[in-house]
Amino acid sequence: MSQQASEQVDPIVSIKPLGFPWQTPDPFLFCVHHDDRYPAGNERLGPEASLAGREMGQDFAGKDGWRMYHGREIPGFPQHPHRGFETVTVVRRGLIDHSDSMGAAARYGGGDVQWLTTGKGILHSEVFPLLNRQGPNPTELFQIWLNLPKANKLVEPHFTMLWDNTIPRHVARDAEGGTTEVAIVAGRLGEQKAPPPPPKSWASRAEADVAIWTIKMAPGARWTLPPAARGSNRWLYFFAGTGLRVGARTIASNHVIDLRAELEVPLEAGPDEAELLLLQGRPINEPVVQYGPFVMNSREEIQQAFFDYQRTHFGGWPWQSDEPAHPREEGRFARHADGHIERPT
């Protein structure tokens, strides 16, 4: 389609307010944006603050600007099972301590991404250690659930670390000098390509057209989102800022915009910095049956997942605590199930 023709077609299919969690299109299942202003930490890496008035074990209210979630000493999500999909965890600020039933562990944050293929089943814990004892511990992250096709739902669990310094950043400058920075977690933008996802991921297939980008636009900056493949789903989440012009429409913050993937889309930030998340991909187009942490293709497969979990506990839990944290002095690292240790360079 020519540029003139694309300008005559509204690139927006629909606009919806963001909820909790965020709605996502096939091949995605779920996205949540955690943004917590944690206080100083204590000796156990939890908050140096009273926990009175919180619904412990289910603290999502946001009292004082932060949440314990399911954690009891350390904020986060103690051990829990998954089967049949992937988690892509993009940590913008703060840290996550990961531990799992394969005996693997990691500490990552500050722009790092963990991409976990849960496959046939895994138990894992994700807690947010509050290392700073002298001041605040802000923690912000996206967790995105990406479905697996039926053929790969029972593969071996596996995770890949995308360290911050390996994630390409595309910086564009408009005619007035306004900058737009795009962090390419998945997919490609021009000649810049994200690190490879896990090998059994839907995103590992070139024809799947999966893209996960975070976009930061300076006040008043203009940038044109290039077209993607026709038939892909493409949603743009506007989560920070005071206004965004998308094509001919002005969008308020905290909305998701469903875009026509095959069209380029002119974007213009309002008077404040604008931040967006782009999720894009060709749909898997298979039945989705979800019950809690299990995502399969039929009710019978969900019943089998519960049976397998009750029988095997997906390998069991090798840690002394349900919410293990790594030593305060430990840096960012990943120890895989085979014992291999990697650290960011």
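For the pair Asp164 and Arg332, the salt-bridge criterion is not met [side-chain N within less than 4.0 Å of a carboxylate O]. The pair Lys150-Glu301 counts as a salt bridge, with a side-chain nitrogen and a carboxylate oxygen less than 4.0 angstrom apart. The pair Arg93-Asp35 meets the salt-bridge criterion, with a side-chain N (NZ, NE, NH1 or NH2) lying under 4.0 Å from an Asp/Glu carboxylate O. Here Arg343 pairs with Glu330 in a salt bridge; the nearest charged N to carboxylate O distance falls below 4.0 Å. Between Glu323 and Arg72 no salt bridge is recorded (no basic side-chain N to carboxylate O distance below 4.0 Å). Between Arg222 and Glu268 there is a salt bridge, since a side-chain N of the basic residue sits under 4.0 Å from a carboxylate O of the acidic one.
Residues Ser201 and Leu148 share a closest heavy-atom pair of CA-CD2, 4.3 Å. In terms of heavy atoms, Pro75 sits closest to Gly46 at CD-CA, 4.4 Å. Minimum interatomic distance between Ser101 and Pro318 (heavy atoms only, all atoms of both residues): CA-CD, 3.9 Å. The two residues Leu131 and Leu95 come nearest to each other via the heavy atoms CD1-CD1, 3.4 Å. Closest approach of Val91 and Ile96 over heavy atoms only: CG2-CD1, 3.6 Å. When all heavy atoms of Ser99 and Pro324 are compared, the closest pair comes out as OG-CG, 3.4 Å.
In this structure, the separation between CD1 on Ile74 and OH on Tyr69 is 15.5 Å, given to the nearest 0.5 Å. Between the CG atom in Leu189 and the CD1 atom in Ile184 there is a gap of 4.5 Å [rounded to 0.5 Å]. Taken to the nearest 0.5 Å, the NE2 atom of His158 stands 8.5 Å off from the CE atom of Met102. The line from CH2 of Trp235 to OH of Tyr237 is 5.5 Å long, rounded to the nearest 0.5 Å. To the nearest 0.5 angstrom, Thr139 atom OG1 is 11.5 Å from Arg67 atom CZ. Atom-to-atom distance recorded for Thr180:OG1 and Ile215:CD1 is 8.0 Å, nearest 0.5 angstrom.
In terms of modelled atom types and a separation under 3.5 Å, the side chain of Asp97 and the main chain of Ala325 share no donor-acceptor contact. In this structure a side-chain-to-backbone donor-acceptor pair under 3.5 Å is present from Arg83 to Lys120. Put simply, the side chain of Arg245 gets close to the backbone of Ala248: a donor and an acceptor are under 3.5 Å apart. In this structure a side-chain-to-backbone donor-acceptor pair under 3.5 Å is missing from Thr118 to Gly121. Using a distance-only test at 3.5 Å, with no hydrogens or angles considered, a donor-acceptor pair links the side chain of Trp317 to the main chain of Ser321. Put simply, the side chain of Lys200 never gets that close to the backbone of Asn152: no donor and acceptor are under 3.5 Å apart. In this structure, Ser204 contributes its side chain and Pro199 its backbone to a donor-acceptor pair below 3.5 Å. Not a single donor-acceptor pair under 3.5 Å links the side chain of Ser232 to the backbone N or O of Gln280. In terms of modelled atom types and a separation under 3.5 Å, the side chain of His326 and the main chain of His98 share a donor-acceptor contact. Remark: side-chain polar atoms of Asn254 are not paired, donor with acceptor, to backbone N or O of Leu18 under 3.5 angstrom.
Between Trp22 and Phe142, the angle of the ring planes lies from 30° to 60°, which puts this pair in the tilted group. In this pair, Phe314 and Tyr309 present their aromatic rings tilted. The plane angle is within the 30 to 60° band. The aromatic rings of His34 and Phe77 sit tilted relative to each other, their planes meeting at an angle between 30° and 60°.
Side-chain contact between Ile302 and Gln304: absent, with no pair of heavy atoms (C-beta onward) separated by less than 4.5 Å. Looking only at side-chain heavy atoms (C-beta outward), Val113 and Val88 come within less than 4.5 Å of each other. Under the 4.5 Å side-chain criterion, counting only non-hydrogen atoms from C-beta, Arg311 is in contact with Phe307. Side-chain contact check for Trp145 versus His82: some heavy-atom pair is nearer than 4.5 Å.
Cluster annotation: Val185 and Trp202 are assigned to the same hydrophobic cluster (Ile/Leu/Val/Met/Phe/Trp/Tyr, side-chain heavy-atom contacts under 4.5 Å, transitive). Hydrophobic clustering keeps Leu259 apart from Val256 (ILVMFWY residues linked when any side-chain heavy atoms are closer than 4.5 Å, directly or through intermediates). A continuous path of hydrophobic side-chain contacts links Val32 to Leu116 [ILVMFWY only; heavy atoms under 4.5 Å]. Residue Leu278 is grouped with residue Ile15 when hydrophobic side chains (ILVMFWY) are merged at heavy-atom distances under 4.5 angstrom, including chains of intermediate members. Using a 4.5 Å cut-off between side-chain heavy atoms of Ile, Leu, Val, Met, Phe, Trp and Tyr, with links allowed through other members, Leu154 and Ile284 fall into different hydrophobic clusters.
No donor-acceptor contact under 3.5 angstrom links the side chains of Thr87 and Gln143, judged on distance only. Thr345 and Asn165 are linked by a side-chain donor-acceptor pair at a separation below 3.5 angstrom, with hydrogens and angles left out of the test.
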### Task
Please assess Asp36 against Glu140 for the test side chain to side chain contact (heavy atoms under 4.5 Å, CB included), listing each intermediate value before the final yes or no.
CA-CA 6 Å; Asp36 291 282; Glu140 182 193 1; over 6 Å; no
#### Entry: Pair Phe85-Phe28, ring-ring contact (aromatic ring centres under 6.0 Å, His included): steps then yes or no
CA-CA 9 Å; Phe85 64 98; Phe28 301 94; over 10 Å; no
### Message
Using ring-ring contact (aromatic ring centres under 6.0 Å, His included), reason through Phe159 and His336 one step at a time and then give a plain yes or no.
### Response
CA-CA 8 Å; Phe159 73 77; His336 295 270; 4.6 Å; yes
### Glu86 and Thr117: CA distance, side-chain angles, deciding distance, side-chain hydrogen bond (donor to acceptor under 3.5 Å, both in side chains) verdict
CA-CA 4 Å; Glu86 298 186 293; Thr117 304; 2.6 Å; yes
### Message
Between Phe238 and His255, is the ring-ring contact (aromatic ring centres under 6.0 Å, His included) condition met? List the steps.
### Response
CA-CA 6 Å; Phe238 177 31; His255 282 79; 8.3 Å; no
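Put simply, the residue from Gln58, Arg54, Glu73, Glu55 that forms a side-chain contact (heavy atoms from CB on, under 4.5 Å) with Met68 is Arg54. Residue Tyr38 forms a side-chain contact (heavy atoms from CB on, under 4.5 Å) with just one option from Asn132, Asn137, Asp64, and that option is Asn137.
Atom CD of Glu43 sits in a crowded spot, with more than 12 heavy atoms from other residues, nucleotides or ligands closer than 6.0 Å. Under a cut-off of 6.0 angstrom, the local environment of CZ in Arg37 is sparse, with at most 12 non-hydrogen atoms contributed by other residues, nucleotides or ligands. Counting non-hydrogen atoms of neighbouring residues, nucleotides and ligands closer than 6.0 angstrom, the CD atom of Gln134 reaches no more than 12 such neighbours. When the shell of 6.0 Å around OH of Tyr291 is examined, it contains 12 or fewer heavy atoms from other residues, nucleotides or ligands.
The distance between the ring centers of Phe333 and Tyr108 does not fall below 6.0 angstrom. The six-membered or imidazole ring of Trp213 lies away from that of His170, with a centre-to-centre distance of 6.0 Å or more. Note: Phe239 and His33 meet the aromatic proximity criterion, with ring centroids under 6.0 Å apart.
Under the salt bridge (charged side-chain N to carboxylate O under 4.0 Å, His left out) criterion, the residue pairs touching residues 271-282 are Arg92-Glu275, with sequence neighbours excluded.
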